[in-house]
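Below: one structure, written as structure tokens.
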Amino acid sequence: MYIAGGETLFVQHLGITGARTLDYFKKHMTGYRAAQKAAGMTTEAIIDEVKRSWLRGRGGAGFPTGTKWSFVPKTTAQKYLVCNADESEPGTFKDRAIIRNMPHMLVEGMIIAARAIGASRGYIYIRGEYEEEAGILEEALKEARDAGQLGKVDIFVHRGAGAYICGEETGLLNSLEGLRGEPRDKPPFPAVKGAFDGPTVVNNVETLACIPSIIMNGGAWFAGLGRIEKSGGTRLVGVSGQVNRPGLYEIPAGGATIREIIYDICGGIADDRQLRAVIPGGSSTPPLSADEIDVVYDIEPLACAGSMLGSAAMIVVSEDYCLVRLLERIVLFYERESCGQCTPCREGVAWARKILSRIERGTGTDRDISLLLSVADSINGKALCALGDAAALPIMGFVKKFRADFEAHVRGGRCPGA
Amino acid sequence: MARLSEKFHACLHELSGRYPARRALLLPALHMAQKEIGWLPPDVIGEIAAALEIHPAKVVETASFYTMFNLGPVGRHDVRVCTNVSCSLRGAERILEHCERKLGISAGETTADGRITLHDEECLGACGTAPAMSVDGKYHENLDLLEVDRILEGLH
């Protein structure tokens, strides 16, 4: 772990024995004092504070959290708060660390969020593979309930069972209801009609875990932790792949460039090799080449650079790894995980993977490269949810930035570096 | 004849207060049933359907969507080697090939003695500690071949 300057919310509690207990939470974190403070605030005041904080959703979309909460209609209908702990975007492992090390911070964030939106019931939808983490959450909830901290909100853990698409919020809601995790058509959006037909807010684990410190210290304080406009707080950055020190780091939002993260924080590229590509925010985000890494690592700078921050899951690739093979593996993932509802995604992603397999094996033709781009274009933006786009955007990005690699495979039947 | 324990039905009853709709008990029920039986044979599917008052086809409709639910028999131990990007960048293919060679099966198969089912798994969320695998739901991270040997030899 590394603290890249300034105050941190999370990393100081990683790897500490007992950090997940209520006792530690009371001594070293907000200790449910933020929830008590929120209980004395109006729902509008809580939402305003979160708006002021410039907290933006940490699950991948980066939508301002306070604004999302304000969409919930002020009706008497039963409302729900759902925590999205389905963390499955390849490269992402931050929510697991929060749950393992500071589950009470998440629970306290949920109590406050539930109050803000008027929900008396919350669910933590956690991916099925996180079995141990589901147990940790159950334990923390029991501790909190027994200590009378949950108040009028009841929160339950609901385990998924192996399906990437359940990270998409409407797929998640269907899965919560005992159905196949197929995304729903929108509108209606969950804020109007979500879980069990009630108004619902779905927030990521890290997003909710930021809430107690916002309420404790104020939205302006949180906004001030960020080093750029319109992005508050700190950010957990998961670095994986071919760096010397992969792992979970915390930086002020917008407080470092990709170059600084790779070379100063993570000790550079493994085995003294050269950097080839960076996938900045999880496997669905378009790649950056080695000469594009001076970009500040946050939502808007990365959007300007033609990529996305996503879930702040940076995958670093050295010259040692074939980029055609890498893209084939990414697309295979989306082929396997497509729920199959929409034809462009179900058929298109499978076709794209087959073309990529041909190119990778050296049996592709020149025409295959343009065919691949055409298939990607036929998927992009043409399905109910963004899963198909998650395959199409990397295809377009890799071919655009590393076309010579694809051509070398087609013409020479092998990697240019091999 | 009922195959699921009294404890299963008691737990299901206890969980029913958590949800406003009975169908939402389906994933918890499938998890608990699989924990008891190891997989989800047709009579177990039927028993879950009866408990939730839905058609067995609805149970299969949902269960077949999720990779963790076994609709066919499996080995006593469940070994899942992640081969997604972050693990692959740190040698996951070597780990999977080593498991296949050592167990004499391909990914997706079960050893002849019914000891182990091996899976080529998607991202487990352990990318910063890659390569990783899960064994009976427990994660093993920062793997090397020696560690894999030790883990596999410990499965009986």
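Proteins come first, then strands; the chains are lettered A, B, ... in the order of their sequence lines, and each starts at number 1.
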>> salt bridge (Lys or Arg N to Asp or Glu O under 4.0 Å), that's the test. Do B/E122 and A/R329 meet it? Break it down for me.
In response: CA-CA 10 Å; B/E122 289 302 348; A/R329 186 62 187 84; 3.0 Å; yes
> Given A/L326 and B/L89, is the side chain to side chain contact (heavy atoms under 4.5 Å, CB included) satisfied, shown in steps?
Replying inline: CA-CA 9 Å; A/L326 185 80; B/L89 285 165; 4.2 Å; yes
>> Does B/L124 form a side chain to side chain contact (heavy atoms under 4.5 Å, CB included) with A/F93? I'd like the steps, not just the answer.
In response: CA-CA 9 Å; B/L124 287 167; A/F93 51 94; over 6 Å; no
> Given B/Y139 and A/R96, is the side chain to side chain contact (heavy atoms under 4.5 Å, CB included) satisfied, shown in steps?
Replying inline: CA-CA 12 Å; B/Y139 279 35; A/R96 181 170 166 240; 3.4 Å; yes
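When A/R127, A/Q78, A/E132 are compared by the number of non-hydrogen pairs under 4.5 Å with chain B, A/R127 comes out ahead. Each of A/E87, A/H158, A/E131 has some count of heavy-atom pairs under 4.5 Å with chain B, and the biggest count is that of A/H158. With chain A as partner, the option from B/L15, B/T83, B/L30, B/T129 having the largest number of non-hydrogen pairs under 4.5 angstrom is B/T83. The choice from B/G128, B/A21, B/A130 that makes the most heavy-atom pairs within less than 4.5 Å of chain A is B/G128. The candidate with the highest count of non-hydrogen atom pairs below 4.5 Å against chain B, out of A/E337, A/K94, A/R325, is A/R325. Between chain B and the residues A/S88, A/G160, A/G198, the largest count of heavy-atom pairs under 4.5 Å involves A/G160.
B/T67 and A/R336 form no side-chain donor-acceptor contact under 3.5 Å, judged by distance and modelled atom types alone.
Ring to ring, A/Y123 and B/Y19 are close: their centroids are under 6.0 angstrom apart.
In the displayed structure, B/K102 atom NZ is contacted under 6.0 Å by more than 12 heavy atoms of other residues, nucleotides or ligands. Other residues, nucleotides and ligands contribute at most 12 non-hydrogen atoms within 6.0 Å of the CD atom of B/E6.
Both the backbone and the side chain of A/F333 have a heavy atom closer than 4.5 Å to some heavy atom of chain B. For chain A, no part of B/Q34 is nearby; none of its heavy atoms comes within less than 4.5 Å. Both the backbone and the side chain of B/D120 come within less than 4.5 Å of a heavy atom in chain A. Using a 4.5 Å cut-off between heavy atoms, B/S88 touches chain A through backbone and side chain atoms alike. Within the 4.5 angstrom heavy-atom criterion, atoms from both the backbone and the side chain of A/S175 approach chain B.
Scanning all heavy atoms of the two residues, the minimum distance from A/P90 to B/C123 falls at CA-SG, 3.6 Å.
Looking only at side-chain heavy atoms (C-beta outward), A/F156 and B/P28 stay at 4.5 Å or farther from each other.
Salt bridge annotation for A/E138-B/R18: present, with a cationic side-chain nitrogen under 4.0 angstrom from a carboxylate oxygen.
Judged by distance alone, the side chain of B/R80 and the main-chain N or O of A/E129 form no donor-acceptor pair under 3.5 Å. Although no hydrogens or angles enter the test, the distance criterion places a donor-acceptor pair under 3.5 Å between the side chain of B/Y66 and the main chain of A/G181. Counting only distance, with no hydrogens or angles, the side chain of A/R159 and the backbone of B/L27 share no donor-acceptor pair below 3.5 Å. Side-chain atoms of B/R90 come within 3.5 Å of backbone atoms of A/G241 as a donor-acceptor pair (strictly under, hydrogens ignored). Between the side chain of B/R23 and the main chain of A/E177, no donor-acceptor pair closer than 3.5 Å is present. The main-chain N or O of A/G128 is never found under 3.5 Å from a side-chain atom of B/H31 such that the two would form a donor-acceptor pair.
Residue A/I315 holds its CD1 atom at 7.5 Å from CG of B/N84, rounded to the nearest 0.5 Å. Distance OG/B/S64 to CZ/A/R180: 4.5 Å, rounded to 0.5 Å. With values rounded to the nearest 0.5 angstrom, A/I279 atom CD1 is found 8.0 Å from B/S86 atom OG.
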